[in-house]
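Throughout, a chain's letter reflects where its sequence line sits, starting with A, and its residues are numbered from 1.
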2 protein chains.
Amino acid sequence: MKRNTWQREAVKSALDAQEAFVSAQQLHATLRDDGTAIGLATVYRALSDLAAAGGADSLQSAEGEALYRACTPGQHHHHLICRNCGVTVEIEATHVEQWAKSIATEHGFTQPEHVVDVFGLCPECTALSAG
Amino acid sequence: MKRNTWQREAVKSALDAQEAFVSAQQLHATLRDDGTAIGLATVYRALSDLAAAGGADSLQSAEGEALYRACTPGQHHHHLICRNCGVTVEIEATHVEQWAKSIATEHGFTQPEHVVDVFGLCPECTALSAG
DNA sequence: CGTCTTATTGATAATGATTGTCAACATCAG
DNA sequence: CTGATGTTGACAATCATTATCAATAAGACG
Ligand SMILES: [Zn+2]
Ligand SMILES: [Zn+2]
Ligand SMILES: [Zn+2]
Ligand SMILES: [Zn+2]
């Protein structure tokens, strides 16, 4: 049976406070800086559970790090992510969903899943890099 | 100046011989099994260079491993990949290209790039898992 | 409230892919 | 051929993530 611990709550609200995708390491550092003594392994476990339960989205950075972000549960969506500051916008991709399904079926593939992410420079980072 | 070595050639043709995405480790093992004595670090370097030069596609497995596959240079495309055996089909995604560009522009993001991959079970693996 | 079962924690070790190091080596222009 | 230097490969180092496991604490039950 699953128990409620302040650790899991702490991770959840620390994640809610982020507006960008963050790694387990970063979130752990943030928690520690805020005076929350919590184990690194616990943060990993909490994030993993959150993602599995649909309470968080996860993706891999270009370097292979696992990044997490709070999201509205039950809503399938994708992300537009600033590759400089990490700020993230949730986006709908209805056409892409259907395209992915049909392209898989066309080739006889079953149980299709898809990875769809768009990376770019957000307006602010664009302005900075142009300066 | 860049020099030609048999090692780089060996990696390139070993990659050409694969019909699925493979990791550097796997390719190194294959080469060794074929009697080609080559260093692991060299395989990593060769694959990295190949991908940078556009001679190979790369993606990250769900476990975060970097996987490579030979591809036709200059051709932007995406992949439909069997999550069981790794067999891969190159797919066009014209609509998705445009969607990615416009969704980025809509939100003021510049220099958009995108990660689009479809995973599923290939016909053969579907048959096996159904048995 | 006290007790008991057991899920959870967290310090630490272990894992495993990838990268850095650097002396020995091989390529190729001259 | 020969020298300058790009490349190799064995090995160590990194670094994110996972496994261990004794100690802890949640919460069901009486
Ligand atoms: Zn930004
Ligand atoms: Zn989708
Ligand atoms: Zn398959
Ligand atoms: Zn594309």
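Between A/D49 atom CG and C/dT8 atom P there is a gap of 8 Å when expressed in whole angstrom units. The distance between atom NE2 of B/H28 and atom P of C/dA17, rounded to the nearest whole Å, is 13 Å. The interatomic distance linking A/L31 (CG) with C/dG10 (P) rounds to 11 Å, in whole Å. Between B/Q7 atom CD and C/dA24 atom P the separation is 18 Å, expressed in whole Å. The CD atom of A/E65 sits 14 Å away from the P atom of C/dT19 (whole-angstrom rounding). Computed from coordinates, the A/I38 CD1 to C/dT8 C1' distance equals 11 Å when rounded to whole Å. The nearest whole Å value for the distance from the CD atom in A/E63 to the P atom in C/dT19 is 10 Å.
With rounding to the nearest 0.5 Å, the separation of CZ in A/R32 from CG in A/L40 is 8.0 Å.
In terms of heavy-atom proximity, A/F109 sits nearest to B/G120 at CD2-C, 4.0 Å. Of all heavy-atom pairs spanning A/I91 and A/H77, the tightest one is O-CB, 3.5 Å.
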Nucleotides 26-30 of chain C: which of its N/O atoms have a protein N/O under 3.5 Å away?
from: C/dT27; atom 1: O2; to: B/R3; atom 2: NE; distance (Å): 3.3
from: C/dT27; atom 1: O2; to: B/R3; atom 2: NH1; distance (Å): 3.0
from: C/dT27; atom 1: O2; to: B/R3; atom 2: NH2; distance (Å): 3.3
from: C/dC28; atom 1: OP1; to: B/N4; atom 2: N; distance (Å): 3.2

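Less than 6.0 angstrom separates the ring centroid of A/H114 from the ring centroid of A/H76. Between A/H28 and A/Y44, the ring centre distance reaches or exceeds 6.0 Å. For A/H79 and A/F119, the gap between ring centers reaches or exceeds 6.0 Å.
Side-chain contact of B/H78 with B/E97: a donor-acceptor pair under 3.5 Å is present, judged by distance alone.
The residue B/A46 sits apart from the nucleic acid: no heavy atom pair falls under 4.0 Å.
Put simply, the side chain of B/T36 never gets that close to the backbone of B/I38: no donor and acceptor are under 3.5 Å apart.
Bracketed by its first and final contacts, the part of DNA chain D lying under 4.0 Å from non-hydrogen atoms of chain B reaches from D/dA4 to D/dA10 in 5' to 3' order.
Each of B/R45 and B/L67 was matched to the nucleotide of DNA chain C holding its nearest heavy atom; the match closer to the 5' end belongs to B/L67.
By the 4.0 Å N-to-carboxylate-O rule, A/E19 lies too far from A/R69 to be salt-bridged with it.
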